[in-house]
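Below is one structure; the comments refer to it alone.
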Amino acid sequence: GAVVSQHPSRVICKSGTSVKIECRSLDFQATTMFWYRQFPKQSLMLMATSNEGSKATYEQGVEKDKFLINHASLTLSTLTVTSAHPEDSSFYICSPRTLQYNEQFFGPGTRLTVL
Amino acid sequence: DAKTTQPTSMDCAEGRAANLPCNHSTISGNEYVYWYRQIHSQGPQYIIHGLKNNETNEMASLIITEDRKSSTLILPHATLRDTAVYYCIVRVPYSSASKIIFGSGTRLSIRP
């Protein structure tokens, strides 16, 4: 159990465009979703936390208008990087948490490259 | 959540046991010790966790000192596929307020 998918696995886009990343929990319900990003040779940094049906809570230094999070259902959450710039190039990882298993799981990640 | 301290990097010969230390001197009574690893360009993978007793599963063993201020993750027979960054984290797992915050981790290299 506890299978998490992310789509796309990698994406290349032009500066100024928006990119949507989907995260699905395939065999469990995610009451809470965490989004992380990871720059090369660095650790994972928590960006935001969202509960199903509620607005996301962003960590300090993360622009909420730039990184739009939607957690409309218990099996799907999306992260939209709006007006992407090269400095947004990073590895984005979703992490759903379920009360069913009382645990937090991790997606395989999405590599975003902004040209 | 309490902070952890790990060596930046380690290496180990293939087939030997890899012992990864972690200090968590400010751990609280209800915090568990968790270990994750991240292979290059993949999401983190859960390895093992424990409260105060030693734990073993098919991947690894976790040894926690009696005062719970430090622990060691043991990979009994390291293979090249164990090359990854290993993260030691302390947290309360069943709390709705708990979230996993990653430190720098230990970069483990397995040499042939």
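Order of the sequence lines fixes the chain letters, A, B, ..., with proteins taken first and strands second; residue numbering starts at 1 for each chain. What you see is a predicted model; the values in this text were computed from it and never measured.
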- Item | Distance-minimising heavy-atom pair for A:Phe91 and B:Gln42 | CE2-O, 3.6 Å
- Message: Counting neighbours of NE2 on A:His85 that are heavy atoms of other residues, nucleotides or ligands and sit closer than 6.0 Å, is the number greater than 12?
- Response: yes
- Close side-chain approach of B:Tyr34 and A:Gln104, heavy atoms under 4.5 Å: no
- Query: Are A:Leu79 and A:Phe34 in one and the same hydrophobic cluster, where Ile, Leu, Val, Met, Phe, Trp and Tyr link if side-chain heavy atoms are under 4.5 Å apart?
  - Reply: no
- With a 4.5 angstrom heavy-atom cut-off, which part of A:Leu44 approaches chain B: side chain, backbone, both or neither? both
- Cluster check B:Met59, B:Ile64: I/L/V/M/F/W/Y, side chain < 4.5 angstrom: yes
- Query: Is A:Ile93 close to B:Gln38 at the side-chain level, that is, under 4.5 Å between some pair of heavy atoms?
  - Reply: yes
- Among B:Gly43, B:Pro44, B:Gly105, which residue forms the greatest number of heavy-atom pairs with chain A at distances under 4.5 Å? B:Pro44
- Query: Looking at A:Ser43 and B:Ser104, what are the two nearest heavy atoms and their distance?
  - Reply: CB-CA, 4.4 Å
- Item | Output field: ring centroids A:Phe106/B:Phe102 closer than 6.0 Å | yes
- So A:Phe105 and B:Tyr46, ring pair (Phe, Tyr, Trp, His ring centres under 6.0 Å) or not? Walk me through it. CA-CA 8 Å; A:Phe105 304 98; B:Tyr46 165 83; 8.5 Å; no
- Task: Could you tell me which portion of B:Gln45 (side chain, backbone, both or neither) has an atom closer than 4.5 angstrom to a non-hydrogen atom of chain A?
- Result: neither
- Message: Grouping I, L, V, M, F, W and Y whenever their side-chain heavy atoms are under 4.5 Å apart, do A:Val114 and A:Val62 come out in a common cluster?
- Response: yes
- Query: Would you say B:Met10 and B:Leu73 are hydrophobically clustered, going by side-chain heavy atoms of ILVMFWY under 4.5 Å?
  - Reply: yes
- Task: With the side chain counted from C-beta on, respond yes when A:Tyr36 and B:Ile100 share a heavy-atom pair under 4.5 Å apart, and no when they do not.
- Result: yes
- Side-chain donor or acceptor of A:Arg97 paired with backbone N/O of B:Lys99 under 3.5 Å: no
- Query: Relative to chain B, which segment of A:Gln6 carries a heavy atom at a distance below 4.5 Å: side chain, backbone, both, or neither?
  - Reply: neither
- So do A:Arg111 and B:Ser41 actually touch side chain to side chain, heavy atoms under 4.5 Å? yes
- Treat each ILVMFWY residue as a node, draw an edge where side-chain heavy atoms are under 4.5 Å apart, and state whether B:Leu80 and B:Leu20 are in one component. yes
